[in-house]
Amino acid sequence: MKQPLTIAQFEEQLRGKGELYHIYHPFHIAMHKGECTREQIQGWVANRFYYQASIPVKDAAILANCRDVETRRLWIQRIIDHDGDAEDKTLGGIEAWLQLGESVGLDRQDILDEKFVLPGVRFAVDAYVNFARNATWQEAACSSLTEMFAPKIHKSRLESWPQNYPWIEPHGLQYFQMRLSQARRDVSHGLRVTLEHFVTRDEQDRALNILQFKLDILWSMLDAMTLAYQQDRPPYKGLIAEPIYHKRILK
Ligand SMILES: O=C(O)c1cc(C(=O)O)c2c(n1)C(=O)C(=O)c1cc(C(=O)O)[nH]c1-2
């Protein structure tokens, strides 16, 4: 039987997975360098909305699978972060993302209708939600750990977009600002759960595989966008006025 990794080694291997984060995807690199057209940015924002809108559904699935009160008390904050709080009028991530959409010139209703969500993006995001529905809450918590690498990507957009895309209204970038502290808080909890729960070497390997699954989801989303918006590959090329691909058929 293989020896378990020490906690420090296990954490190092989880963090090492950052080498495969979508920050290194060619679409994302082009976006960072200012090489994207207006339509490519719009395509990315419209498609990523499906991820944003699915995150609280995913987190609700985790809550539904969790019998630990302490965990639920912490985890519920993730839903509030995205949905906002009607009482104290806190801006939620979904609304902030819609404002980002408007600042890049998209129509709010088109975003809400998921009009431009490509099939490949939908399949990838749905795989994440379905995983959270079927896995244990600790495994689902582990799958959220790509957030370890997210503050860097949000920061890179805050730093580079105003210069590279001066046509985007700066107000729209507040989503990225909000996520900096929220992601760090999520990670400290998700990482604690993962390090404590996956103890044997087989379990640790499973956690690393789960994290790879999540990295693959983020990467596959950008692959789908590359085909449609960078390579203009039919039949899904560009932001089609009347998209031919299927609309949402699942709840
Ligand atoms: O913009 C990004 O590149 C990015 C990546 C990720 C991620 O790594 O999963 C998240 C987010 N953003 C994000 O904004 C967010 O709220 C979020 C929640 C989660 C999750 O798995 O629960 N990931 C991410």
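As the structure lists them, so they are numbered: ligands from 1, and atoms in each ligand from 1. Residues take their numbers from the sequence shown, with the count starting at 1.
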**Student:** Could you list who else is in I76's hydrophobic cluster, with ILVMFWY side chains joined at under 4.5 Å, directly or through other members?
**Tutor:**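 Members besides I76, by chain and number: I62, L63, W75, I79, W137, V193.
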**Student:** As a check for students: among T146, I55, I94, identify the option with a heavy atom nearest to atom 7 (C) of ligand 1.
**Tutor:**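 Closest candidate by heavy-atom distance is T146.
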**Student:** State if M148 counts as touching ligand 1 under the rule of any non-hydrogen atom under 4.0 Å.
**Tutor:**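 Contact absent.
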**Student:** For I153, take its heavy atoms, then give the atoms of ligand 1 lying under 4.0 Å from any of them.
**Tutor:**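 Contacts of ligand 1 toward I153, numbered from 1: 2 (C), 3 (O).
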**Student:** Please evaluate residues N130 and R133 with respect to the criterion side chain to side chain donor-acceptor pair (under 3.5 Å), reporting the C-alpha separation (whole Å), side-chain torsions for both, the decisive distance (0.1 Å), and the verdict.
**Tutor:** CA-CA 5 Å; N130 285 329; R133 285 183 176 143; 3.3 Å; yes
**Student:** Tell me, which protein residue and heavy-atom name are nearest atom 1 (O) of ligand 1, and how many Å apart are they?
**Tutor:**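 Result for atom 1 (O) of ligand 1: R157 NH1, 2.7 Å.
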**Student:** In terms of side-chain geometry, is the basic nitrogen of D205 or R201 positioned less than 4.0 Å from the acidic oxygen of its partner?
**Tutor:**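 A salt bridge links D205 with R201.
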**Student:** Do the side chains of L227 and L218 join up, straight or via other hydrophobic residues, at under 4.5 Å, putting them in one cluster?
**Tutor:**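 Unlinked, L227 and L218 end up in two clusters.
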**Student:** Would Y51 count as a contact residue for ligand 1, given that I'm defining contact as a non-hydrogen atom of the residue lying under 4.0 Å from a ligand atom?
**Tutor:**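 Distance cut 4.0 Å: Y51 passes for ligand 1.
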**Student:** What I want to know is whether H22 and ligand 1 share at least one N or O pair that is separated by under 3.5 angstrom.
**Tutor:**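 Yes, at least one N or O pair falls under 3.5 Å.
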**Student:** Check contact between Q182 and ligand 1, using heavy atoms of the residue and a distance below 4.0 angstrom.
**Tutor:**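 Q182 does not count as a contact of ligand 1 under the 4.0 Å cut-off.
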**Student:** Using a strict 4.0 Å threshold on nitrogen-to-oxygen distance, state whether R185 and D81 make a salt bridge.
**Tutor:**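 Between D81 and R185 there is a salt bridge, with a charged N closer than 4.0 Å to a carboxylate O.
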**Student:** I'd like to know whether L208 forms a side chain to side chain contact (heavy atoms under 4.5 Å, CB included) with F198, so could you lay out the CA-CA distance, the side-chain angles of the two residues, the decisive distance to 0.1 Å, and finally the verdict.
**Tutor:** CA-CA 10 Å; L208 288 160; F198 298 88; over 6 Å; no
**Student:** Would you say W44 has any N or O atom under 3.5 Å from an N or O of ligand 1, going by distance alone?
**Tutor:**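 Between W44 and ligand 1, no N or O pair is found under 3.5 Å apart.
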**Student:** With a 6.0 Å cut-off (strictly less than), is the heavy-atom count around CD of E12, excluding the residue itself, greater than 12?
**Tutor:**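 Counting other residues, nucleotides and ligands, CD of E12 stays at 12 neighbours or fewer.
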**Student:** Any heavy atom of H28 sitting closer than 4.0 Å to ligand 1?
**Tutor:**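 No, H28 has no heavy atoms under 4.0 Å from ligand 1.
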**Student:** Is the gap between the ring centers of Y175 and W97 under 6.0 Å?
**Tutor:**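 Y175 vs W97: aromatic centres under 6.0 Å.
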**Student:** Of all the non-hydrogen atoms in the protein, which one sits nearest to atom 11 (C) of ligand 1, and at what distance?
**Tutor:**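 I find the closest protein heavy atom is R48 NH2, 3.9 Å.
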**Student:** Does E147 pair with R184 as a salt bridge, N-O distance under 4.0 Å?
**Tutor:**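 Salt bridge absent between E147 and R184.
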**Student:** Can you sort out which atoms of ligand 1 are near L218, meaning under 4.0 Å from one of its heavy atoms?
**Tutor:**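 Close to L218: 7 (C), 8 (O), 9 (O).
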**Student:** Could you tell me whether W219 and H22 have their ring centroids closer than 6.0 angstrom?
**Tutor:**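 Ring centres of H22 and W219 not closer than 6.0 Å.
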**Student:** Which atoms of ligand 1 sit under 4.0 Å from any heavy atom of H82?
**Tutor:**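 Atoms satisfying the 4.0 Å criterion: 16 (O).
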**Student:** Short list, please: which atoms of ligand 1 are under 4.0 Å from a heavy atom of K58?
**Tutor:**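 Heavy-atom distances to K58 below 4.0 Å select 20 (C), 21 (O), 22 (O).
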**Student:** Is S143 close to ligand 1, meaning an N/O of one under 3.5 Å from an N/O of the other?
**Tutor:**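 No, since none of the N or O atoms of S143 sits under 3.5 Å from an N or O of ligand 1.
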**Student:** With heavy atoms under 4.0 Å as the rule, classify the contact between E147 and ligand 1 as side chain, backbone, both or neither.
**Tutor:**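 Both of them.
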**Student:** At less than 4.0 angstrom from any non-hydrogen atom of Y21, what atoms of ligand 1 do you find?
**Tutor:**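 With Y21 as reference, the close atoms of ligand 1 come out as 3 (O), 4 (C), 5 (C), 6 (C), 7 (C), 8 (O).
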**Student:** Does the ring centre of H246 sit less than 6.0 Å away from the ring centre of F123?
**Tutor:**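 F123 vs H246: aromatic centres under 6.0 Å.
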**Student:** Evaluate Y128 for polar contact with ligand 1, using N/O atom pairs at a separation under 3.5 Å.
**Tutor:**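 Such a contact does occur with ligand 1.
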**Student:** Can you name the atoms of ligand 1, numbered from 1 with element, that are less than 4.0 Å from a heavy atom of Y175?
**Tutor:**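 In order of number, 13 (C), 14 (O), 15 (C), 16 (O).
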